[in-house]
Amino acid sequence: CDKIIVHDIKSKLVCILILISASGNAVTLSILVSLKHMISFSSMTFLFIPLRFRLPTDLVPDCYNITLWPRLSPEPSSGLYIFTGQSTLIFKCVRETDLILIHSNKLKYTKLNNTHIARLIASGGGSAPTIKSSWLQSETQYLVIQLNSKLTQGQKYELYTEFTGELADDLAGFYRSEYEEDGVRRIVATSQMHPTHARKTFPCFDEPAMKAVFDITLIHPPGTVALSNGMEKGQSVTQTRFEPTKKMSTYLLAIIVSEYSNISATQGDTLIRIWARRTAIDQGQGNYALNVTGPVLDFFQMYYNISYPLSKSDQIALPDFFFGAMENWGLVTYRETNLLYDPMTSSNRNKETTATIIAHELAHMWFGNLVTLRWWNEVWLNEGFASYVSYLGADHAEPSWNMKDLIVLDDIHRVFAVDALASSHPLSSKEDSIILPDQITEQFDAISYSKGAAVLRMLSDFLSDPAHFCSAVKANNVSLPRSVCEIMNHWVLQMGFPVVTVNTATGKVSQKHFLLDPESEVAVESPYNYKWVIPVRWRKSGEVQRDIWWLMEKEVINLEMKSGDLWVLANINVTGYYRVNYDLGNWDSLLVIPVINRAQLVDDAFNLARAQLVPTTLALRTTSYLSAETEYMPWQSALDNLNYYYLMLDCTEVYQPMQDYIKKLVTPLFLHFKSMTSNWTNVPYGHTDQYNQVNAIRMACSTGVTECQNLTNTWFEQWMDSPQRNLIHPNLRSAVYCSAMAAGDKAEWDFGWEQFKNAAVASEASKLMSALACTTKTQLLERYLSYTLNSTLIRKQDATSVITAVASNRVGQTLAWDFQSWCVFFRYGVGSFSFASMISGVTARFSTLDDLQQLEQFVEEHKAAGFGSATLAVKQALEKTKANIKWLERNKNEVLDWFNSQT
């Protein structure tokens, strides 16, 4: 009976009897109907509906006319915040049916005329079938309406409902956000419909292909402003009507009521507005977003060769928002940290984040909103494309930043670590394998975003038109060994990526599926037997080969790569989504190469060593030259990889020799930036130089460079002496705050906490929030963890970040794992998405049999409840822990000996 929907108790009993009598055989609809007539119940409603989570295609929406009234004060009787609504859905019947299934979740409906919870009429006159019965099916999140006769094919109908929902603080659907301004607590009614939460706001066909026009009216208190996707077209004191939207998916709808203010500008015919708390707007925190939006819009209009589709572009910063941002068409929502920028307190990293996230979201205005995926199994195309072109859009707005290179560190290296697991998954899945809301949410991971971006960047490169990707795909004038579709299928339909091995002594070039743990079992079948069609850009001793060479087989001979005394470098500028290994002779000859490939060599070497393809000492040797390196990308690549060594070894006897070695490497870098900045009084000119200055201070202080520790402690003490006058440069604050917390005691921590609570700029609060987890005092870390259970101290959106920050502290990892209360977080509606991040964070150091036993016990205890969209994260945590145990057993002594030999 879990497989059918029944309306009353008697029908359920009949169902159970029938299924028992079936003796395990499939019970078909005809058998059920026959048996129903054999059993007499006087008032039985019996309806057989397969328990399906996808909508039937009998009905298609045309238009929603929706009025919503959020109450910004709690109801006196219940203490709950609520909203009420009225909805008229106009839909067309494309296939005769006597059943209406429409999504609805957590809504209470008003009985109309004391009969049914919906009213159905035919559009343009005529008659509509009468309603036989209606009810809510919670498991499939349907409002089910059974009719007495069938709807007519080709006829349009109107379905009217009245309903009430809770304006909860759960960050999903139509929800409540809170903040304090001028000593007054203020409420924002805002929304997050993506991916499946529109149904929590009004009854709807909540699937991306079910596009419709939305005619929205919001009722709101005097003194507040209402916003939605369309431009305001009619406004009274308490009611705002909006222009009908373009035809769009339900997940793109946005509705907001607030006391916000805005700044505005026009770009061509488009009105651009930045909305935020009044004090944030007055302080100029929205100015940078306003200034960067126009150039980004111009770039994408040129890139797509299509004008911006709407009359306005609203962007709004919210105090409570689960995701980083959301591309609602015409009203993009952001976390405050991602939209607001204050030159006095925000770093260049914050500025870059604002530019790239704005570019990502605005890219969706065309790709994702104007043209939309049919179903969630192709999320990668939507998010991967936006991630890739966000670098292009930001590069256009800020050409001096060299943004297009940073995709290597921020996306490609990041996703390599995930995609090298046996528990990874292909970019594209079968449509029928992604059905449940949790499965849909699980698609929004590093594979979809970062691998999607990397693979599309590779496609753009071998089509030889990286600046105009869309037209290059369409024209396809490049000579290719196979069609674009056939080449891309190898990258889209199979998980993982290859390692290309070049033997410069023989010219042999081979490929194989790269796995961090070569002993892991790959259960996912590949339609291509884990063989890829690989574009190889390469050079020999400085001479770049003009044409791409294609590796089509598992192993071939390329005599041009037989180098003799010359060195060979493959995957120039990391345009291909693969790692490269070489014979030992060639490894020893490399490193006098372009900066982006120096970063890649280090990353390849460390990961090839983890996969047992090269010696661990070879990987460590690639860092030896860093004492003479001043560029950001190689340093960041090395630090990212050495972080794994810290996670595995910082509670062992290897820790101090490792610290001594890295201290020796970083001291010249620290002194380099001391000189460049005239004893820390100036800011480096280059964007990535500013990043590497932060690396220099962070690592010099953490490895015990006395001059660095004295410097940061002095800066922090000066701030404590004059709290209203923070002279620490915004770029350096994250590193300085963390260093001071680690060196300090309760006084420093309490000061940091007070500054966090009173921070007027979200990016400054974020820096302090991370730094508070740097303390080495157990009691303070325990207190900090306990604060995550109180949303008045740590907002729900930030709880995961705090717990994982504590877990990243070698003193705090065990505390975070033992903080079993964090299990409650995945009970929040969309909280399971955050739970996946938390699982990854708190288990990152797991590397012993005891750790594995604890993790397996945790999985066993909670498997009945399930892990929702964190299911894959749990599976990957188990795989990583087992791999870490093997790595430690294999490498600990060798690594200890190597570090000792260097110091």
Check whether [X] reaches the backbone of [Y] with its side chain - one donor and one acceptor, N or O, closer than 3.5 Å.
X: S702; Y: M699; answer: yes
X: T441; Y: P437; answer: yes
X: S637; Y: P634; answer: no

message = Taking the cut-offs as 6.0 angstrom to the six-membered ring centre and 45 degrees off its axis, would you call R598 and Y625 a cation-pi pair?
response =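 The answer is no; the distance or angle limit is not met.
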
query = Could you walk me through whether E861 and Q857 pass the side-chain hydrogen bond (donor to acceptor under 3.5 Å, both in side chains) check?
reply = CA-CA 6 Å; E861 287 174 358; Q857 183 179 344; 3.2 Å; yes

query = Which of these, F756, Y737, F716, sits in a ring pair (Phe, Tyr, Trp, His ring centres under 6.0 Å) with F751?
reply =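 For F751, the ring pair (Phe, Tyr, Trp, His ring centres under 6.0 Å) check succeeds only for F716.
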
Donor on one side chain, acceptor on other, [X] and [Y], under 3.5 Å:
X: Y632; Y: Q693; answer: no
X: D850; Y: Q854; answer: yes
X: T848; Y: D851; answer: yes
X: N695; Y: N692; answer: yes
X: D445; Y: H425; answer: yes

ask   = Can the ring centres of Y691 and W635 be said to be less than 6.0 Å apart?
value =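 Distance test on ring centres: not under 6.0 Å, no.
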
request  = Taking the six-membered ring for Trp and the single ring otherwise, decide whether the centroids of F514 and F416 are under 6.0 Å apart.
outcome  =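 When the ring centroids of F514 and F416 are compared, they turn out to be at least 6.0 Å apart.
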
query = Would K886 and D517 pass as an ion pair if we require N to O under 4.0 Å?
reply =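 Salt bridge flag = yes for D517 with K886.
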
request  = Inspect the contact between R579 and D603 and indicate whether a charged nitrogen and a carboxylate oxygen are less than 4.0 angstrom apart.
outcome  =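 The answer is yes: the pair qualifies as a salt bridge.
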
